[in-house]
Amino acid sequence: MESDPEKSAAASQRTFSHGDSTDEHDLKTGPDSSEPAPIPAEDEKKNVTKLDSHTVKVDVQEQDPYAHLPEHEATILKRQVNIPELKSGWGNLYRYSTWWDIIIMVISAICSIAAGAALPLMTVVFGQLAGEFNNFFQGISSKDDLSHTITTMVLYFIYIGIAEFITIYISTVGFIYTGEHISAKIRAHYLKACMRQNIGFFDKLGSGEVTTRITADTNLVQDGISEKVGLTLNAVATFVTAFVIGFIKSWRLTLILSATVWAITLAMGGGSSFIIKYSKQSLESYAKGGSVAEEVISSIRNATAFGTQDKLARQYDVHLEEAEKWGFKLKRALAIMIGCMFLFIYLNYGLAFWMGSRYLVKGEISLGSILTILMSIMIGAFSLGNVAPNVQAFTTAISAAAKIFNTIDRVSPLDATNDQGLKLDHVEGTIELRKIKHIYPSRPEVTVMKDVSLIIPAGKKTALVGASGSGKSTIVGLVERFYDPVGGNVYLDGHDVSTLNLRWLRQQISLVSQEPTLFGTTIYGNIAHGLIGTKHEGESEEKRKELIIGAAKMANAHGFITGLPEGYETNVGERGFLLSGGQKQRIAIARAMVSDPRILLLDEATSALDTKSEGVVQGALEVAAAGRTTITIAHRLSTIKEADNIVVMTEGRIVEQGTHDELLAMKGAYFGLVEAQKIAETQEMTPEEQELRDAEEDKLIRTQTNKSSKSIGFTEDPDDKNIANKLNRTATSKSQSSLAFQSLNTSGQQEDSLWSLIKLIASFNKTEWHWMMVGLFFSIICGGGNPVQAVFFAKEIISLSTVLETSAGVAIPGAAASLRSDVNFWSLMYLMLALVQLLAFWLQGVAFAYCSERLVRRVRDRAFRTMLRQDIEFFDREENTAGALTSFLSTETTHVSGLSGTTLGTLLTVITTLVAAMTLSIVIAWKLALVCVSAIPVLLGCGFFRFWLLARFQQRAKKAYEQSASYACEATNAIRTVASLTREEDVLAHYNATLNAQAGKSLRSVLRSSLLYAASQSLMFLCVALGFWYGGNRIADGEYDLFQFFVCFSAIIFGAQSAGTIFSFAPDMGKAKQAAQELKILFDRNPKIDAWSEHGAQVANVEGTVEFRDVHFRYPTRPEQPVLRGINLSVKPGQYIALVGASGCGKSTTIALLERFYDPLVGGIYVDGKEISSLNINDYRSFIALVSQEPTLYQGTIRENVLLGADREDVSDEAIEHACREANIYDFILSLPDGFSTVVGSKGSMLSGGQKQRIAIARALLRDPKILLLDEATSALDSESEHVVQAALDMAAKGRTTIAVAHRLSTIQKADVIYVFDQGVIVEHGGHHELMQRKGRYSELVNLQSLGGTKH
């Protein structure tokens, strides 16, 4: 099986239950898979089913995956992957809290409870004031008494307000601070635990899971221990106080009204459980859509080349439809929930007055008490409703913490941070493997190495070769001790490595892997990582600088680094793409060399490079390897001819070993591999000449590198020259293309008016306008509820204050009966109001839910289609990475609904409430009305800020840790590199520093925003006080009666409060405007090369003549760098043309221009004599097929993937079969259990590279193209797979115009014409033999790669 999980670390997307790619070796089910190990039949089957991740998952659950292994082997494997399961309780969340944290939390808790108790106390004061007014009108108390009571009560309001402010401030700040502090500690401990774990643990988890833990799960924990604890205590305290007050005033009435509590709790609890369920489903179905979008956008060139945008967009829309359905249910549930809340409020009013009037007539209760009980029960009930969502936050926090603590408490079997084990004083560097048997813990069904014994002598160069999956990289993993073998031992200088100190061992070894991982710091910092743990780590800056520059010179990197504008201080993290592969690789080599290691491991260090860069890097490696124990793994055999011992491996066994010449003489496996990669020597050249040539070539590259002078003898990497050119160009020497570029200047950022944005959003809802009207009509009715309620409230109070007896204490006949009948009438009016409001809120909610879900779906669909319509230049820009565009689709589009009907409805409701309230009050009592109106802005603000800030606190916490989280993810994704550099401590120190900086910053912001929050909770008391003070004095002066006072007061003060609350339900307008602006920019963008355009001449058929006439080109994102400078080439129909040259010389660009991904700046490209920019783009592309270096497969079955090649719907099975046969993949597909219906996994991760590539070829052939473009179609494969794929390509090219770009020259020597590129111009062209005789650039490239005859 593919034995390099290094690759799986790089391909972090693969988080399948088995963290690695599957290679053909496991898929051979026929008799040709000669595996000596007796594998039971069902296991053999299981290997094949591994293609489908689902089957595997089921298997793992049903049976122990290690069951087929002997006991001791199973134990070794389990030890490397098992994670202890912890029972996590609430107390566990606080395991890292200090004494100081606990003290702060206790104080904050006390404050929360006090703040909660303050609210119901207000109702007592309110009730007493109302009772006092009543007494005054009944003549029981005098004017002086009234004035005195008013003053006292108003002061009470003010005191309660001040107390509320202080307690809320302390509790909010306290809980947020401790929450942040404790969760920061959890984060640090978690990363520390990750750095301690062995590699097998990460193979099993997949780096995605670690990322989720460190970003999402720690946020959930923080959420559960921060301000929500305070809010919950506050709410519970309010609830308890409210009922205590109620029971003191009148236990009977309180008991009856407590029914409201159950009703509201049920409605809110039931509602939110539905809401949670639906939102989960809606998110889930959207997440599927999001992954479709991400796959498509990350492989946009492929979608563009095959014209599959529409097909893929339809696939995306299927998921959107599903998400829309759940989203609608979600919003409908929310509407019903809000409606029920208003229903219960008004019913509660009616019930309270109805029952209260009975007790009042019997003389068991006063008017003041009825009001107090009524209001405190309301407040209590709502506070309880607020607890429910918080309880959920606590349970999520506990389960998230359990996952995190499981890792923290896991004891790693290979812990690089502990100090046990020997440290040798002197290392020779002899490595010995004795009887090794190895199985990767994440793939227990595959034995990767069986009984391997090998001695790697000190100071010598040993090379490992063999097909991929033969166990080469496994040896590197065992020497670095990333894994423990299940049988046998590894020795270093005679000591078993499992007895040595792990950290010390890794410091003796330097690893350069295939994909160089550089960290997000400067080049200097990256090379300095190599010094960690060496004696130089603590040395002076000068000495370190000297070492680092020395290493860079040795790695042949000094030249290009000094050419960069910031030299060694250039940051590579975010801008790593400025460096070419060869440059990154050389920095990695410098990092490996700087510590002067005894043992150097090179894991295919040059396989990702082309010949020229490879020569440069190879030269650097030869210098590096001198005098050290070196283990080299190579796919390309030319790089290891000089090795002291070449070890050939197949299927986990060593087949033969010896020097290059000995092995060639044996004519065994090695000879076969060499033949496969051999480039035909020119017949005309005699062996003597050849030898001379080879010797010169060798001399050029190798001998001179040993001179210590600055990088003589290294052939220069063309990328380096470009960097120098970029910087040295003077303003006068402008090339043709830079002049062309200046005419294309870009416009500034567009800003649209709010109105045009609203028009844009409204256009998506055109068809739903009648739904909109319904929604808006009922919004107005919702808004009218409050002012109407105020009139009823005042009427009830007037009815209740009917005088029942004369001053002498004699009952007035009929008074009680009339009081009861009045109260009953108004209570029934409350019932009517309650039902109308329920209906209005429900209908309005449903209408808007329908509109806004349609809106979001349409916006997403159109945004995605618009993205797919853009030209490739759009996707080259830094801000348009696949990740950024995908998240734009998932988040920005949902924000847009903030400008839709829902918001409009909310605004209408609020405006209706306020306008009606003000009109009513001014008509009834204008003086009091004006005083109360002055409080409206404050009350609205309070209502809004209270909820807005709570949401802000949560978002801020998330935002704050994004940066440190991405740093942690970078480290865990590159865990092998971190481990081999022993950078663990360094990573943690850096992470802790960012956490601490963050904590300081966020404390300051919390101190500020909590002020606003506390104010929003307490200012309400002052507004109420103002109303009572002014109104009370007017009543005392006899200007107003009770009815006028209560209508004004409750209409305006309570109206504004409820309006403020409704505001908080509204989606965020600011975000919506921002999102709408971004969408408008996207929709307005007219791509230069528009995949949707109908323009251009129709193309009926294509002969296949291709011609480039003086083409100049630069990439729009890097205008300072010329790529093509005057290319002329012509291709006749049916010819096979090859483009060769060093990396960065413009070969792939030529292919991109032919596909018309870009237009040339100067010159033209002609197909059949017509310039391609004049042709209809989709017609033109339908005659071309592209097979690129990275084959792109989408989630789905093999059949669906192949069908993406055809641009018509009705493709017969014969056509598919024919294409697959031509691509040499048909038999393989049939050998799978599900055949063409086999699911390929995300990005095709269930198949090996060679299989994916052949499916991509079948897809290309299905459209029967006239022009076939091959962009390094085999460069990412090993010799054996390359052979198979190359055969498929040769078949495919027959009878078609074929243009191939190749790194490996052996693949194209049969070409009719070979064009040799260098730095954007064609330096020579002709057939293979002709060019070989010219002894120009081509023959130099061939000789660089030549593997030919033995050395003498």
Side-chain angles (χ1 to χ4, degrees), residues 111-134 149-169 171 231 233-250 253-254 257 260-261 345 348-349 352 366-386 790 793 797 932 935 938-939 942-943 946 1013-1032 1045-1046 1048-1058 1060-1061:
C111 285
S112 275
I113 292 169
L119 252 172
L121 287 177
M122 178 190 97
T123 63
V124 178
V125 181
F126 186 91
Q128 281 182 331
L129 265 173
E132 191 60 43
F133 286 164
N134 193 20
T149 312
I150 289 174
T151 315
T152 323
M153 295 299 168
V154 166
L155 279 175
Y156 276 145
F157 272 132
I158 293 170
Y159 297 149
I160 294 177
I162 292 170
E164 182 88 346
F165 181 82
I166 293 168
T167 49
I168 288 220
Y169 185 67
S171 83
L231 290 178
L233 286 172
N234 187 319
V236 171
T238 303
F239 179 75
V240 173
T241 321
F243 274 80
V244 169
I245 291 172
F247 281 117
I248 291 172
K249 293 279 183 189
S250 159
L253 188 56
T254 305
L257 292 187
T260 319
V261 176
I345 293 174
N348 186 45
Y349 274 113
S366 68
L367 171 64
S369 300
I370 294 181
L371 290 180
T372 298
I373 292 173
L374 165 67
M375 295 180 73
S376 68
I377 296 284
M378 297 280 300
I379 290 173
F382 275 104
S383 68
L384 199 60
N386 286 335
F793 186 70
I797 290 180
C932 289
V938 178
L939 288 168
C942 287
R946 202 158 75 223
Y1013 179 64
S1016 75
Q1017 292 279 38
S1018 54
L1019 283 174
M1020 178 189 80
F1021 292 98
L1022 304 184
C1023 295
V1024 175
L1026 172 73
F1028 263 109
W1029 170 76
Y1030 184 77
F1045 171 76
F1046 275 110
C1048 276
F1049 181 80
S1050 53
I1052 293 187
I1053 302 279
F1054 293 154
Q1057 266 180 306
S1058 83
T1061 318

Let me see the working for I160 and L119 under side-chain contact (heavy atoms from CB on, under 4.5 Å), right down to the final yes or no.
-> CA-CA 8 Å; I160 294 177; L119 252 172; over 6 Å; no
Might you point out which heavy atoms bring [X] and [Y] nearest each other, and give the distance in Å?
X	Y	value
F793	S1050	CD2-OG, 3.8 Å
S369	K249	OG-CD, 3.8 Å
L371	G127	CB-CA, 4.4 Å
G161	S1018	O-CB, 3.2 Å
G1032	F1045	N-CE1, 4.4 Å
L374	A352	CD1-CB, 3.5 Å

Would you say that [X] contacts [Y] through its side chain, given a criterion of any heavy-atom pair below 4.5 Å between the two side chains?
X	Y	value
V124	Y156	no
L121	I245	yes
V261	F239	yes

How about T152 and T149: does a side-chain donor come under 3.5 Å of a side-chain acceptor?
-> no
Main-chain N/O of A117 paired to T238 side chain as donor or acceptor, under 3.5 Å = no
Nearest 0.5 Å please: distance from the [atom1] atom of [X] over to the [atom2] atom of [Y].
X	Y	atom1	atom2	answer
S376	F126	OG	CZ	12.0 Å
L1026	L1022	CG	CG	9.0 Å
Q128	L367	CD	CG	12.5 Å
L253	T372	CG	OG1	11.0 Å
T254	I248	OG1	CD1	9.5 Å
L155	I150	CG	CD1	12.0 Å

Hey, mind stepping through M122 and F1021 against side-chain contact (heavy atoms from CB on, under 4.5 Å) and telling me if it holds?
-> CA-CA 8 Å; M122 178 190 97; F1021 292 98; 3.6 Å; yes
Measure the acute angle between the ring planes of F1028 and F157, then classify it against the limits of 30° and 60° as parallel, tilted or perpendicular.
-> parallel
Flag yes if more than 12 heavy atoms outside F247 fall under 6.0 Å of its CZ atom; otherwise flag no.
-> yes
Could you give me the CA-CA distance, side-chain angles and deciding distance for Y169 and Y1013, then say whether side-chain contact (heavy atoms from CB on, under 4.5 Å) is met?
-> CA-CA 8 Å; Y169 185 67; Y1013 179 64; over 6 Å; no
In sequence, state the C-alpha distance, the side-chain angles, and the governing distance for N234 and I168, and then conclude on side-chain contact (heavy atoms from CB on, under 4.5 Å).
-> CA-CA 9 Å; N234 187 319; I168 288 220; 4.1 Å; yes
Among C111, S112, S171, find the one that has a side chain to side chain contact (heavy atoms under 4.5 Å, CB included) with L233.
-> S112
